[in-house]
Protein chains: 2
Amino acid sequence: MTDQTTIQLHALKLSCSNCSLRELCLPVGLNREEMTQLDAVIRQSRRIKRGEYLFRSGEGFKSMFAVRTGFFKTCVSSQDGREQVTGFLMSGELMGLDGISSNIHGCDAIALEDSEVCELPFGRIESLGRDIPSLQHHFFRLMSREIVRDQNVMLLLGNMKAEERLAAFLLNLSQRLAIRGFAANDFILRMSREEIGSFLGLKLETVSRTLSKFQQQGWIRVDHKHIQLVKPEELKALISGCVHSNAAE
Amino acid sequence: MTDQTTIQLHALKLSCSNCSLRELCLPVGLNREEMTQLDAVIRQSRRIKRGEYLFRSGEGFKSMFAVRTGFFKTCVSSQDGREQVTGFLMSGELMGLDGISSNIHGCDAIALEDSEVCELPFGRIESLGRDIPSLQHHFFRLMSREIVRDQNVMLLLGNMKAEERLAAFLLNLSQRLAIRGFAANDFILRMSREEIGSFLGLKLETVSRTLSKFQQQGWIRVDHKHIQLVKPEELKALISGCVHSNAAE
DNA sequence: ATTCCGCTTTGACAAGAGTCAAGCTTCGAT
DNA sequence: ATCGAAGCTTGACTCTTGTCAAAGCGGAAT
């Protein structure tokens, strides 16, 4: 096998056309030729180690990033060190959309496990969108979906009690994992209790206590970061009436 | 003056080209010809009486709306009647961006005073964006700005105490009024204490008490819906350290 | 001008979540 | 394998905010 072939195979492996996430990510609904055009614009996969920053608030914005493998958090930090986690992102999800408005990233993106991302240069996606209406349309939809997700988080933070927040959080994770073909009721948390708390507007002790309470009631099993949903229907019952069932994306 | 002239003048008066909000709203950065193209797409001003719904969650989405005059709230309602106000909108601001993702409106938009809106049919804006890159770009920026705004609200709801939330809210209103040429430190609230509370994740009694507390400290004057900021710097001091000074848009 | 309804204010009390602290477990580094 | 640091759990207590209730006020409609 020549170096040339190796490179080609490598490029192929990393292309959108060949990506298992293409039905979740940006290329939804593109035909073969359009996909090739998109491939030409997207920068090859980049590896980010656990704990590393993908970008930081205040840095110049040029690109968005799609999670290919791994897990990220995004957060806004205040001057005095308080941090608000604004989201947890898994494969196929986009980060950095908030940078478009001012050409400056508005939040930090930090890998919670060793991860790979695809870089989507905004300017090139934007101009490609003019040639490929379905790409433009889907990109609008993705931005809108982020707005809907944020509104649901606002509802969670504004209206719900600790138990309801935790239930909504667990069910949301469960649902997103299921979409990606993972077990819906048996998973490993990639984030700490403190990070969960920051996202949900709770202190880490409250998160811990509430998980313990769910376990005592036999609704879930907790073994550190390993969570099993034993009676997800009970969790659903907790949040029914809060909203149309799915808070947070 | 013939009927013909009257109609023309009327159309002119209602066009983007002639609108005093064109530097705040969608047409930012368009040249004369582009503005004319945009004018052709935007539906003439529509009047909405106080208390009326502009659109409701669950309705089919076809258009966004820009506030021309007046004041709106957007809110998500839960099955059991709880409501979360997700935003208050004044002239030049856009509503309905959350409908793009699913072609269904994700929230209610309700006029808080007699208002006028411009209807922006999404499909036509989208295709016009392909011909006018600066329109497309600005529309992306507006959607991104909405995401940034929502993230700031998340931070407010997740991290701040009642006093901090109220201070951020008053300063945010003040700033947006100032941009529009109104007095920054002397204004009329268009919404009830309950609506403020819903937006800020507080009960109306807490809103009322906190306003009274601010007044007792001599920082503001409250006469029902009439608010004067006497010492805005004290309010700013309250939230310094919470974030880069401006929560909520 | 009057009446009534809805909004607001204020108080007293309750409850949910935060704070502080101690001890434990696990995982990673050496 | 051992040690240490970080993360997690749990308890006791505090404090902020929510809940319930009553009274005042203003504005809109007649």
Side-chain angles (χ1 to χ4, degrees), chain A residues 49-52 73 80-85 110 112-114 156-170 188-217 220-227 238-239 242, chain B residues 49-51 73 80-85 110 112-114 156-170 188-217 220-227 238 242:
Chain A
K49 285 234 174 64
R50 176 178 170 175
E52 275 183 20
K73 69 170 176 181
D80 57 353
R82 282 190 282 185
E83 83 168 24
Q84 170 76 28
V85 173
I110 299 161
L112 295 182
E113 58 180 358
D114 294 355
L156 177 143
L157 293 172
N159 268 312
M160 291 163 72
K161 298 200 179 302
E163 291 192 1
E164 297 170 327
R165 294 183 197 191
L166 241 312
F169 172 74
L170 292 174
I188 306 293
L189 296 176
R190 303 300 175 179
M191 70 295 280
S192 70
R193 302 289 191 263
E194 186 168 18
E195 287 162 334
I196 296 173
S198 171
F199 180 60
L200 297 178
L202 302 170
K203 294 296 167 187
L204 69 94
E205 294 93 332
T206 305
V207 173
S208 179
R209 270 188 253 273
T210 307
L211 288 175
S212 299
K213 196 183 299 178
F214 285 169
Q215 177 163 236
Q216 277 164 29
Q217 299 190 271
I220 68 176
R221 282 198 48 72
V222 184
D223 178 27
H224 306 281
K225 307 231 164 182
H226 180 194
I227 302 282
L238 251 188
I239 61 170
C242 294
Chain B
K49 285 233 172 66
R50 175 178 171 178
K73 69 171 176 181
D80 57 351
R82 283 189 281 186
E83 82 167 25
Q84 170 75 31
V85 173
I110 300 160
L112 295 182
E113 60 181 358
D114 294 355
L156 176 144
L157 293 172
N159 268 312
M160 292 164 70
K161 297 199 181 300
E163 290 192 1
E164 297 170 327
R165 295 183 198 191
L166 241 313
F169 171 74
L170 292 173
I188 306 293
L189 296 176
R190 301 302 175 177
M191 71 296 280
S192 69
R193 303 290 191 264
E194 186 169 17
E195 287 162 334
I196 297 173
S198 170
F199 180 60
L200 297 177
L202 302 169
K203 294 295 166 186
L204 70 96
E205 294 93 334
T206 305
V207 172
S208 178
R209 269 186 253 273
T210 307
L211 288 175
S212 299
K213 197 184 297 178
F214 285 169
Q215 178 163 237
Q216 278 164 27
Q217 298 189 272
I220 68 176
R221 283 199 48 73
V222 184
D223 177 27
H224 307 280
K225 308 232 163 183
H226 180 194
I227 302 283
L238 249 188
C242 294

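Convention: sequence-line order gives letters A, B, ...; per-chain numbering from 1.
Remark: the backbone N or O of Arg50(B) is paired with a side-chain donor or acceptor of Asp114(B) at under 3.5 angstrom. The backbone N or O of Leu200(B) lies less than 3.5 Å from a partner atom in the side chain of Arg165(B), making a donor-acceptor pair.
Residues from residues 207-215 of chain A with heavy atoms under 4.0 angstrom of DNA chain D, sorted by number: Ser208(A), Arg209(A), Ser212(A).
Here salt bridge (Lys or Arg N to Asp or Glu O under 4.0 Å) pairs that include residues 196-213 of chain B, with residues two or more places apart or in two chains, are Glu163(B)-Lys213(B).
The distance from atom CD1 of Ile196(A) to atom C1' of dT9(D) is 14 Å, rounded to the nearest whole Å. Rounded to an integer number of Å, the gap from CD of Glu205(B) to C1' of dT16(D) is 14 Å. Regarding Asp223(A), its CG atom lies at a distance of 12 Å from the P atom of dC8(D), rounded to whole Å. Between the P atom of dC8(D) and the CG atom of Leu202(A) lies a distance of 15 Å, rounded to the nearest Å. Rounded to whole angstrom, the span from the CG atom of Asn159(A) across to the P atom of dG18(D) amounts to 11 Å. Nucleotide dC8(D) holds its P atom 11 Å from the CD1 atom of Ile227(A), rounded to whole Å.
Two residues, Ala162(B) and Arg193(A), neighbour DNA chain D, and the one matched to the more 5' nucleotide by heavy-atom proximity is Arg193(A).
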Inset, instruction - Dot-bracket for DNA chain D, please, read 5' to 3', with Watson-Crick or G-U wobble pairs under 3.5 Å on both distances, ( ) within the strand, [ ] crossing, | other strand, . unpaired. - result: ||||||||||||||||||||||||||||||
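With rounding to the nearest 0.5 angstrom, the CE atom of Met160(A) is 10.0 Å from the CG atom of Leu166(A). Going from atom CD1 of Ile110(A) over to atom CD of Glu52(A) covers 11.0 Å, rounded to the nearest 0.5 Å. Distance OG1/Thr210(B) to CG/Leu202(B): 6.5 Å, rounded to 0.5 Å. Taken to the nearest 0.5 Å, the CD1 atom of Ile196(B) stands 5.5 Å off from the CE atom of Met191(B). Distance OG/Ser198(A) to CG/Asn159(B): 6.0 Å, rounded to 0.5 Å.
Contacts of Gly197(B) with the nucleic acid, taken as non-hydrogen atoms under 4.0 Å apart, are absent.
Between Thr206(B) and dG18(D) there is a side-chain polar atom (N or O) within less than 4.0 angstrom of OP1 or OP2. The phosphate of dT19(D) has OP1 or OP2 within less than 4.0 Å of a side-chain N or O from Lys203(B).
Residue Phe214(B) forms a side-chain contact (heavy atoms from CB on, under 4.5 Å) with just one option from Ile227(B), Leu238(B), Val222(B), and that option is Leu238(B).
Partners of His226(A) according to the side chain to side chain contact (heavy atoms under 4.5 Å, CB included) rule, which considers only residues two or more places apart in sequence or in another chain, are Asp186(A), Ile188(A), Asp223(A), Gln228(A).
Nucleotides of DNA chain C with any atom under 4.0 Å from a heavy atom of chain A span, from 5' to 3', dA17(C) to dT26(C).
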Legend entry - Protein proximity profile, nucleotides 22-30 of chain D - base contact B, sugar-phosphate-only contact S, no contact -, cut-off 4.0 Å on heavy atoms: ----S----
